[in-house]
Amino acid sequence: MENNLMTISVSERSTGSALGFVVSGDVTKADYDEVLVPAVASALEQHDTVKVMLDLTDFRWEKAGAWGADLHFGHEYHERIARMAIVGHKKWEERLAHLAAPFCAKEAAYFDDQDAAWAWLRG
């Protein structure tokens, strides 16, 4: 039985069309269904596009059940995510930013500092 703790949480720095998410531990399908998708969908009701920051500093992995939700999220919102900033401290996270642009956002970049990511996102 999975615990009910969400491993994706909305950053307190989120405002308007700039949304930040802190990702920790092992991400599940429920994280997409209950946190990420509703936050993005809600912002898109008020804005044509959104900008998304994913802080992966404490992220471990994605559970198999979340893979489909991840692919669906990218397919559903790719054209409406203007920028995606990925924050982390690992080489694979930097590579993920390069892979994100064609599938998840119009433009993506990697940062090892959350402040720099927010500045780019809002710029």
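The figures here come from the full heavy-atom set of this structure, side chains too, leaving out hydrogens, waters and symmetry mates. Nothing fancy with the numbering, it's 1 onward along the sequence.
- For Asp112, the salt bridge (Lys or Arg N to Asp or Glu O under 4.0 Å) test picks out no residue, with sequence neighbours left out.
- In this structure the side chain of Phe21 never reaches within 4.5 angstrom of the side chain of Ser14, judged on heavy atoms.
- By the ring-ring contact (aromatic ring centres under 6.0 Å, His included) test, Phe111 pairs with Trp120, sequence neighbours left out.
- In this structure, the side chain to side chain donor-acceptor pair (under 3.5 Å) partners of Asp26, at least two apart in sequence or on a different chain, are Arg60.
- Minimum interatomic distance between Val52 and Leu121 (heavy atoms only, all atoms of both residues): O-CD1, 3.6 Å.
- Linking ILVMFWY residues whenever their side-chain heavy atoms come closer than 4.5 Å, directly or via other members, places Val40 and Val27 in the same cluster.
- Here Arg80 pairs with nothing under the side chain to side chain donor-acceptor pair (under 3.5 Å) rule; sequence neighbours left out.
- Rounded to the nearest 0.5 Å, atoms CG (Leu56) and OH (Tyr110) are 9.0 Å apart.
- A donor-acceptor pair is defined here as one N or O able to donate and one able to accept, closer than 3.5 Å; no such pair exists between the side chain of Thr57 and the backbone of Gly88.
- Distance check: Leu44 CG to Leu19 CG gives 8.0 Å after rounding to the nearest 0.5 Å.
- Looking at residues two or more places apart in sequence or on another chain, you find no side chain to side chain donor-acceptor pair (under 3.5 Å) involving Ser42.
- The minimum heavy-atom distance linking Asp55 with Met53 is given by the pair N-SD, 3.5 Å.
- Follow the hydrophobic side-chain contacts under 4.5 Å out from Val35 and you never reach Val22; the two are in separate clusters.
- The salt bridge (Lys or Arg N to Asp or Glu O under 4.0 Å) search around Arg13 returns Asp115, not counting sequence neighbours.
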| message | Using side-chain hydrogen bond (donor to acceptor under 3.5 Å, both in side chains), reason through Arg83 and Thr49 one step at a time and then give a plain yes or no. | response | CA-CA 9 Å; Arg83 285 185 167 186; Thr49 62; over 6 Å; no
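- Hydrophobic cluster membership is shared by Leu36 and Phe59, with clusters built from Ile, Leu, Val, Met, Phe, Trp and Tyr side chains linked at under 4.5 angstrom.
- A search for ring-ring contact (aromatic ring centres under 6.0 Å, His included) contacts involving Tyr32 returns nothing, not counting sequence neighbours.
- Between Val37 and Tyr77, the closest side-chain pair of non-hydrogen atoms falls below 4.5 Å.
- Among all heavy-atom pairs drawn from Val10 and Ala39, the shortest one is CG2-CB, 4.4 Å.
- Between His47 and Gly16, the closest heavy-atom pair is NE2-C, 3.5 Å.
- What you find for Ala117 and Ala85 is that their closest heavy atoms are CB-CB, 3.9 Å.
- Shown here for Ile8 and Asp31, the closest heavy-atom pair between the two residues is N-OD1, 3.3 Å.
- Counting only residues at least two apart or in different chains, salt bridge (Lys or Arg N to Asp or Glu O under 4.0 Å) contacts with residues 41-52 are absent.
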